[in-house]
Peer 1: 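One structure, pasted below without further comment.
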Amino acid sequence: MTARLVLALGAETKLDVVPGAVEYALPFSTLKDAHRVNEKLIQLERKSFGNDSPIRVAIVGCGYSGVELAATISERLKDRGVVQAINVDKSILPNAPPGNRESAQKVLSSRNVQLLLGYFVRCIKKDDTTESHNNERFILELQPAERGVESKVIEVDLVLWTVGSKPLLAELEQSDKPIYLPLNGRGQAETDETLRVKGHPRIFAVGDSSAVRDGNGNLLPGTAQVAFQQADFAGWNLWAAINGRPLLPFRFQNLGEMMSLGRYDAAITPSFIDGLTLEGPIGHTARKIAYLIRLPTDEHRLKVGISWLAKSAVESTALLQDTITKMLSGQ
């Protein structure tokens, strides 16, 4: 029998840890989530058109997703919005390379993003004084992580949640034909070094579904870089298992970290050059080149590359027109 199963179900945002988050916060981890956030921002932009009331956005979490989101939304809203980023840690990107953290700090500061560090969200409530669904606002009660610091209450138009995730493997055990897997406290399947689920030699797990450890026994982070490398090993080991060949042990190679900070800003810190961080437009270009290299075929690279060039041309034309208009109007 040659049948094999690969578990790569991903994860979803964990909202049920704070009262009101499920009802009033929007997650940001899938393409569908991104469309919902964009639609909500468009609604708020239309509602605020012609008045002086800024659009207030709260982003919970200052890991990579939260910081990238704060940078992008603050760039989009400019003076029409106020972006507040909340993090329980006393710094942003606590696990990122120092160069990426410093680059992000500079960008957020230049775009007037308000950082509420050292706080966690105690609850989210709907402001009952708002007149209608189209004008709904939300109240966030913030609790300090340390004693001696006062609590805060902020009022916003939009709450975006980027902290916490839960793998979807647990849902397999709730089906009509449950598969009992060895799950860790995070809900990930415990695997051996060949990415096979322990006790199930015909089942492999990768990405958020797997609990893979490094040589020191530490759990590897649930990042795209780890998942990409796992996919290569899982593909080989599937072929090897079916054909009776030896399986390869997974070895993660850290290639560095990169992040987007808006349309033309990014930061990338390669692991093979100590102390080097590419930032701004150079980092933006380097990040796109890295993504092109990771695409599976030349056809994919060509299509994506042409799409990026076309988008850049349209944006450059629009920027030039806007600049000329401001010069002619004397602004």
Side-chain angles (χ1 to χ4, degrees), residues 10-49 51 53-87 92-93 104 107-108 111-116 120-121 123-127 130 132-140 142 154-166 168 208 222-224 258-266 284 287 291 307-308 311 314-315:
E12 63 181 9
T13 304
K14 193 173 184 178
L15 292 171
D16 55 0
V17 292
V18 171
V22 173
E23 295 85 357
Y24 306 125
L26 294 182
F28 191 77
S29 61
T30 67
L31 181 59
K32 183 179 179 180
D33 293 339
H35 284 309
R36 289 179 63 196
V37 172
N38 183 56
E39 289 170 1
K40 184 62 178 179
L41 285 172
I42 291 174
Q43 293 176 7
L44 292 171
E45 287 168 333
R46 289 173 177 171
K47 185 185 71 173
S48 66
F49 183 77
N51 61 54
S53 178
I55 300 170
R56 307 189 71 88
V57 180
I59 298 173
V60 183
C62 288
Y64 273 117
S65 295
V67 168
E68 289 179 328
L69 199 53
T72 301
I73 292 181
S74 60
E75 180 184 50
R76 171 174 173 167
L77 297 180
K78 297 184 174 63
D79 295 335
R80 298 172 296 140
V82 175
V83 177
Q84 297 171 295
I86 306 161
N87 201 41
I92 65 171
L93 301 170
V107 169
L108 296 182
R111 295 175 188 168
N112 298 318
V113 174
Q114 299 176 10
L115 297 177
L116 303 176
F120 63 89
V121 179
C123 68
I124 305 173
K125 301 177 181 178
K126 185 176 180 180
D127 185 357
T130 52
S132 66
H133 176 74
N134 292 330
N135 294 313
E136 64 183 1
R137 304 196 79 180
F138 307 101
I139 298 172
L140 281 73
L142 307 182
I154 62 174
E155 186 175 344
V156 299
D157 301 292
L158 177 61
V159 184
L160 302 178
W161 197 274
T162 69
V163 294
S165 63
K166 54 182 179 181
L168 300 175
D208 292 313
T223 63
M258 56 187 183
M259 62 186 305
S260 171
L261 294 168
R263 287 190 298 174
Y264 305 112
D265 281 294
H284 172 76
R287 178 176 173 271
Y291 270 114
S307 175
W308 283 347
K311 183 179 179 182
V314 172
E315 290 178 347

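None of the values given here were measured: they were computed from a predicted structure.
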Peer 1: Could you pull out all residues at least two apart from Y64 that satisfy side chain to side chain contact (heavy atoms under 4.5 Å, CB included)?
Peer 2: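 Counting only residues at least two positions away or on another chain, Y64 forms a side chain to side chain contact (heavy atoms under 4.5 Å, CB included) with L93, A96, P97, N100, E257, M259.
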
Peer 1: Side chains of V163 and V121, heavy atoms from C-beta outward: is any pair under 4.5 Å?
Peer 2: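 Side chain of V163 against side chain of V121, heavy atoms only: no contact under 4.5 Å found.
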
Peer 1: Report the C-alpha separation of V60 and I124 in whole Å, then their side-chain angles, then the decisive distance to 0.1 Å, and conclude whether the side-chain contact (heavy atoms from CB on, under 4.5 Å) test is met.
Peer 2: CA-CA 11 Å; V60 183; I124 305 173; 5.6 Å; no

Peer 1: Who passes side chain to side chain contact (heavy atoms under 4.5 Å, CB included) against E23, sequence neighbours left out?
Peer 2: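 By the side chain to side chain contact (heavy atoms under 4.5 Å, CB included) rule, E23 matches no residue at all.
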
Peer 1: I need the minimum non-hydrogen distance between L261 and A71, along with the two atoms involved.
Peer 2: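 Answer, listing the atom of L261 first, then A71: O-CB, 3.6 Å.
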
Peer 1: Quick check for you: to the nearest 0.5 Å, what is the distance between L116 atom CG and L142 atom CG?
Peer 2: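 If I round to the nearest 0.5 Å, the distance is 6.0 Å.
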
Peer 1: Nearest 0.5 Å, what's the NZ-CG distance between K125 and L140?
Peer 2: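 It comes to 11.0 Å.
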
Peer 1: Quick one: list whatever passes side-chain hydrogen bond (donor to acceptor under 3.5 Å, both in side chains) with D157, sequence neighbours left out.
Peer 2: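 In terms of side-chain hydrogen bond (donor to acceptor under 3.5 Å, both in side chains), with neighbours along the sequence ignored, D157 is linked to R137.
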
Peer 1: Under 3.5 Å, is there a donor-acceptor pair between the N51 and S48 side chains?
Peer 2: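 Absent: no donor and acceptor within the cut-off.
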
Peer 1: Is E136 salt-bridged to K40, cutoff N-O under 4.0 Å?
Peer 2: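 Counted as a salt bridge, because a side-chain N and a carboxylate O are separated by less than 4.0 Å.
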
Peer 1: For T13, enumerate each residue passing the side chain to side chain contact (heavy atoms under 4.5 Å, CB included) test, keeping only those at least two apart in sequence or located in another chain.
Peer 2: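 L15, P27, S29, W161.
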
Peer 1: Run the numbers on L41 and L158 for side-chain contact (heavy atoms from CB on, under 4.5 Å), then give the verdict.
Peer 2: CA-CA 8 Å; L41 285 172; L158 177 61; 3.9 Å; yes

Peer 1: Please answer whether the main-chain N or O of Q114 pairs with a side-chain N or O of Q84 as donor and acceptor at a distance below 3.5 Å.
Peer 2: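 It does not hold such a pair.
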
Peer 1: Taking only residues two or more places apart in sequence or in another chain, which ones pass side-chain hydrogen bond (donor to acceptor under 3.5 Å, both in side chains) with N38?
Peer 2: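 Once residues adjacent in sequence are excluded, the partners of N38 under the side-chain hydrogen bond (donor to acceptor under 3.5 Å, both in side chains) criterion are R76.
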
Peer 1: For P54, which residues count as a side chain to side chain contact (heavy atoms under 4.5 Å, CB included) partner, sequence neighbours excluded?
Peer 2: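 If we apply the side chain to side chain contact (heavy atoms under 4.5 Å, CB included) test to P54, skipping adjacent residues, the hits are R56, V82.
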
Peer 1: What class does the angle between the rings of H284 and Y264 fall in, given that below 30° is parallel, 30 to 60° is tilted and above 60° is perpendicular?
Peer 2: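 Correct class here is perpendicular.
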
Peer 1: Are I73 and L160 packed together at the side-chain level, in the sense that at least one heavy-atom pair is separated by less than 4.5 angstrom?
Peer 2: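 A side-chain contact exists here, since the closest heavy-atom pair is under 4.5 Å.
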
Peer 1: Can you name the nearest heavy-atom pair linking A104 to I92, along with the distance?
Peer 2: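 Nearest pair, atom of A104 first, then I92: CB-CD1, 4.0 Å.
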
Peer 1: Which residues pass the salt bridge (charged side-chain N to carboxylate O under 4.0 Å, His left out) test with E75, sequence neighbours left out?
Peer 2: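 Residues passing salt bridge (charged side-chain N to carboxylate O under 4.0 Å, His left out) with E75: R111.
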
Peer 1: What are the two closest non-hydrogen atoms of A58 and I154, and how far apart are they?
Peer 2: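 Smallest heavy-atom distance, with atoms named: CB-CD1, 4.3 Å.
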
Peer 1: Looking at residues at least two apart in the chain, or sitting in another chain, which of them share a salt bridge (charged side-chain N to carboxylate O under 4.0 Å, His left out) with K14?
Peer 2: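 Residues passing salt bridge (charged side-chain N to carboxylate O under 4.0 Å, His left out) with K14: none at all.
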
Peer 1: Could you tell me which residues satisfy ring-ring contact (aromatic ring centres under 6.0 Å, His included) with F120, sequence neighbours excluded, listed by chain and number?
Peer 2: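 Per chain and number, F120 pairs via ring-ring contact (aromatic ring centres under 6.0 Å, His included) with no residue.
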
Peer 1: What is the minimum heavy-atom distance between S260 and E68, and which atoms define it?
Peer 2: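 That would be N-OE2, 2.8 Å.
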
Peer 1: Holding to salt bridge (charged side-chain N to carboxylate O under 4.0 Å, His left out), I want the full list of residues that pass it with D79, two or more places apart in sequence or in another chain.
Peer 2: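 Partners of D79 under the salt bridge (charged side-chain N to carboxylate O under 4.0 Å, His left out) test: none.
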
Peer 1: I need the I55 CD1 to L77 CG distance, nearest 0.5 Å.
Peer 2: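 Between I55 CD1 and L77 CG, I get 5.0 Å after rounding to 0.5 Å.
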
Peer 1: If every non-hydrogen atom of V113 is compared with every non-hydrogen atom of A85, which pair is closest and at what distance?
Peer 2: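 It is CG1-CB, 4.3 Å.
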
Peer 1: Between atom OG1 of T162 and atom CG of L26, what is the distance when rounded to the nearest 0.5 Å?
Peer 2: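 If we round to the nearest 0.5 Å, T162:OG1 and L26:CG are 12.5 Å apart.
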
Peer 1: Applying salt bridge (charged side-chain N to carboxylate O under 4.0 Å, His left out), can you list everything that pairs with R80, at least two apart in sequence or on another chain?
Peer 2: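 R80 satisfies salt bridge (charged side-chain N to carboxylate O under 4.0 Å, His left out) with E45 once adjacent residues are dropped.
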
